[in-house]
Amino acid sequence: MDARRYRMVVTSGLDYVSTGAQVDDRLRAWLRDTPKQYDIDAFAEGRNEIARGVTLDHDSATGTTGAYGRWRLRETAPDGTWQTTVVIRQAENRPTWVQLDVEHLPLDPDALPVTAKTPRLAGSLLDVLQARDGLADVTRMPQVVEAEDVDSVIDELCDEERRLPIIMATAPNGADFDGWLEGTLDPLVRPLAGLAILYVLAPGADSRFNRNMEYHRVFGGGIRTFLPGVDPAWAADGQRHRVMSHRVVTENPARARRLLAQLPQSLATRVPLPPDLDAVPVLRTRTKESSGTSELERLKDENHALFEILEEAGREQRVRADEIRDLKHELQRARQDEILLIAEYDEQYRELHEARAQLVVVQKRLLELGAGEAAYAPDDTGPVTPESFAQILDLLHDMPRVHFTGSRKITLELDDQAYGSSWVRMTWDVLMALRDYAEASAEDAAFRDFKQWCEDAPDGKHVVSPRKVVRDESKTVKANTAWRRERTFPVPDRVDPAGRLFMGAHVRIGGGNTVAPRLHFHDGAHADDGILIGYIGPHLTNTLT
């Protein structure tokens with residue numbers, strides 16, 4: 001998809017009123033600084049024409065569903081109109097969204113729009129709004145990641161609420177870090193203000209990052225673009241995230257700058273807007289004030305204004321039609337790519353299980369021959385590995401401290417999916433790990449939760465990759481009434497008198513993002529409740545689904 005519009009979508013760390021005040025102030029400062037000398041006082045006096053062929057409109061509303069404010073600048077050019085739109089939006093008690101769009105609307109129906117560059121206004125807004133995307137801060141220039149920050153950054157990479165790509169850079173071996181940062185990296189990522197989360201790994205942090213991200217490493221002056229939905233435990237997922245080598249950066253910095261910006265620019269325009277922003281009504285343009293005094297002149301002015309509105313609507317409709325066509329092609333390619341990646345994951349997981357089985361046979365044979373104790377001997381006293389979700393639900397009855405309280409119908413429907421084989425194996429691995437964790441926790445409170453268990457469990461016990469375990473849902477999901485309701489599942493009355501409980505803790509089953517299933521659970525391992533599994537089924541609704 002050829003991205004020609006600039007679009008920034010972030011949440012503000014300020015309240016709605018403060019956000020509006022900062023946007024208004026920065027917008028006016030930006031217009032005053034332009035060489036075109038726009039008359040901002042005209043707008044304050046109620047006139048939307050701030051220069052010849054330039055209009056600035058503003059509208060806002062407050063109601064039961066929240067509030068919004070919008071500014072739109074339209075600048076007439078020989079080949080069309082340049083349009084800059086800033087929207088702030090807050091619904092219910094959710095964070096305030098800020099959207100900045102810059103686009104070219106050509107006069108010629110057959111002409112392509114001119115590509116919009118990153119406006120200075122974007123960086124100016126990021127400087128004052130404490131902007132965020134999910135768990136991550138969105139800044140104008142790269143943030144330096146120290147070794148102690150690596151775990152938090154990895155959480156941001158895996159954050160399911162993240163919409164923006166993360167650009168992760170490393171300094172070349174032996175380079176002066178501060179000099180390289182200022183002289184090479186800063187100019188390289190300057191066009192990405194508002195389009196990506198920008199990080200650079202400090203010396204020492206890169207080695208720790210790569211130890212934890214075995215399949216997603218970045219080093220030696222390389223720069224990696226991490227798309228939303230990173231799965232650190234899935235080798236095939238590493239193929240989704242582009243790497244730019246140090247050689248490409250040094251050979252032609254201008255070309256590297258263009259290449260690095262292409263994907264974030266494209267993502268910004270093809271990712272659907274958050275529902276809150278998508279619900280903002282269409283702007284109604286103010287009619288240009290009549291310069292004449294007669295009724296005929298007034299009617300002519302109104303007729304001219306209506307004609308301009310129709311022309312603008314036609315141009316925007318053509319642009320949106322092109323975007324929809326390109327989005328359909330992107331969606332088709334994305335589906336094909338995800339199917340291939342899931343198939344690869346299925347094959348790798350099957351090979352892993354076969355290798356583990358062969359290891360157990362060899363270890364047992366060595367013990368029979370008196371060759372000494374094996375270094376690692378998994379506990380295979382549990383049930384035989386099931387081959388379907390129906391068998392999983394039946395075998396769960398044999399786990400006294402793991403209880404399924406969810407809908408059998410939803411779980412059984414997974415058996416009809418094309419990728420059920422790897423999903424069944426992965427789900428069973430999770431359940432065996434939960435079983436071992438629950439049994440160990442009943443005797444010893446050394447492990448805080450299931451994620452820590454997977455990180456530090458004793459040898460011979462079942463675990464899964466800690467990166468697949470999520471301790472809780474994001475604030476966005478928990479604040480959304482409908483999404484929270486989806487994650488509230490039946491529990492015994494002894495656990496909650498209401499008979500239902502929100503289960504934010506979950507495990508990602510298999511590879512992929514919104515395609516792969518989820519297992520939601522309540523951790524009562526340190527009490528008498530054991531592990532209550534409220535849901536095994538398709539990914540529930542969030543900002544990415």
Side-chain angles (χ1 to χ4, degrees), residues 1-10 23-43 47-59 69-88 98-126 140 190-195 258 261-262 264-266 268-270 273 277 280 282-288 304-323 326:
M1 180 177 178
D2 185 12
R4 297 183 179 274
R5 175 197 302 182
Y6 172 88
R7 167 169 287 173
M8 176 180 79
V9 177
V10 296
V23 169
D24 187 79
D25 179 71
R26 293 294 166 136
L27 179 61
R28 291 172 186 271
W30 177 58
L31 293 173
R32 287 192 186 98
D33 290 342
T34 179
K36 300 173 184 177
Q37 298 294 312
Y38 291 152
D39 183 9
I40 304 302
D41 293 335
F43 182 72
R47 292 178 285 114
N48 67 333
E49 189 171 30
I50 60 176
R52 184 177 180 82
V54 180
T55 58
L56 178 63
D57 292 287
H58 175 263
D59 69 326
R70 171 172 42 199
W71 297 257
R72 190 189 68 176
L73 176 73
R74 300 184 71 245
E75 301 169 284
T76 303
D79 57 351
T81 300
W82 281 99
Q83 182 167 290
T84 301
T85 307
V86 186
V87 180
I88 63 170
V98 179
Q99 176 186 348
L100 169 61
D101 280 6
V102 180
E103 59 186 323
H104 177 252
L105 305 173
L107 282 173
D108 185 352
D110 298 324
L112 286 174
V114 179
T115 301
K117 296 181 180 179
T118 301
R120 289 184 294 108
L121 179 60
S124 179
L125 291 174
L126 292 177
R140 173 204 293 257
R190 191 166 289 121
L192 296 176
L195 299 176
R258 289 194 302 271
Q262 283 177 356
Q265 288 169 343
S266 179
T269 55
R270 76 187 191 205
L273 287 173
L277 283 171
V280 175
V282 176
L283 174 65
R284 294 186 177 183
T285 307
R286 282 189 290 174
T287 304
K288 178 182 175 182
H304 179 71
L306 289 173
F307 179 77
E308 286 186 341
I309 291 172
L310 290 173
E311 284 291 303
E312 177 189 345
R315 289 193 296 268
E316 291 195 2
Q317 186 177 26
R318 290 191 294 272
V319 172
R320 303 302 172 258
D322 289 341
E323 289 179 350
D326 292 340

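These figures come from a predicted structure and were not determined experimentally. Quick note: numbers below take in every heavy atom, side chains included, and nothing from hydrogens, waters or symmetry partners.
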Exercise. What heavy-atom pair brings Pro264 and Leu195 nearest, and what distance separates the two atoms?
Worked result: CB-O, 3.8 Å
Exercise. Which atom pair, heavy atoms only, marks the closest approach of Arg5 to Val102?
Worked result: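 The answer is CG-O, 3.3 Å.
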Do [X] and [Y] touch side chain to side chain, with heavy atoms closer than 4.5 Å?
X: Leu105; Y: Glu103; value: yes
X: Val87; Y: Val98; value: no
X: Arg120; Y: Trp30; value: yes
X: Asp24; Y: His58; value: no
X: Leu277; Y: Val9; value: yes
X: Asp79; Y: His104; value: yes

What's the separation between atom [atom1] in [X] and atom [atom2] in [Y], rounded to the nearest 0.5 Å?
X: Asn48; Y: Thr55; atom1: CG; atom2: OG1; answer: 5.5 Å
X: Arg74; Y: Thr85; atom1: CZ; atom2: OG1; answer: 9.5 Å
X: Arg70; Y: Asp59; atom1: CZ; atom2: CG; answer: 4.0 Å

Problem set entry | Derivation of the side chain to side chain contact (heavy atoms under 4.5 Å, CB included) call for Glu75 and Tyr38 | CA-CA 11 Å; Glu75 301 169 284; Tyr38 291 152; 2.4 Å; yes
For this session: Step by step, work out the side chain to side chain contact (heavy atoms under 4.5 Å, CB included) result for Thr81 and Leu107.
Result: CA-CA 8 Å; Thr81 300; Leu107 282 173; 5.7 Å; no
Exercise. Does Thr115 reach the main-chain N or O of Arg4 with its side chain, forming a donor-acceptor pair under 3.5 Å?
Worked result: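 Such a contact is absent between Thr115 side chain and Arg4 backbone.
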Exercise. Is there a side chain to side chain contact (heavy atoms under 4.5 Å, CB included) between Leu56 and Arg72 once you walk through the steps?
Worked result: CA-CA 6 Å; Leu56 178 63; Arg72 190 189 68 176; 6.0 Å; no
Problem set entry | Partner residues of Ala122 under the side chain to side chain contact (heavy atoms under 4.5 Å, CB included) criterion, sequence neighbours left out | Tyr6, Met8, Leu100, Thr118, Pro119
Exercise. With distance as the sole criterion, is a donor-acceptor pair present between the side chains of Asp57 and Trp71 under 3.5 Å?
Worked result: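 The criterion, which ignores hydrogens and geometry beyond distance, is not satisfied for Trp71 and Asp57.
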Exercise. Yes or no on side chain to side chain contact (heavy atoms under 4.5 Å, CB included) for Gln265 and Thr269, after CA distance, side-chain angles and deciding distance?
Worked result: CA-CA 7 Å; Gln265 288 169 343; Thr269 55; over 6 Å; no
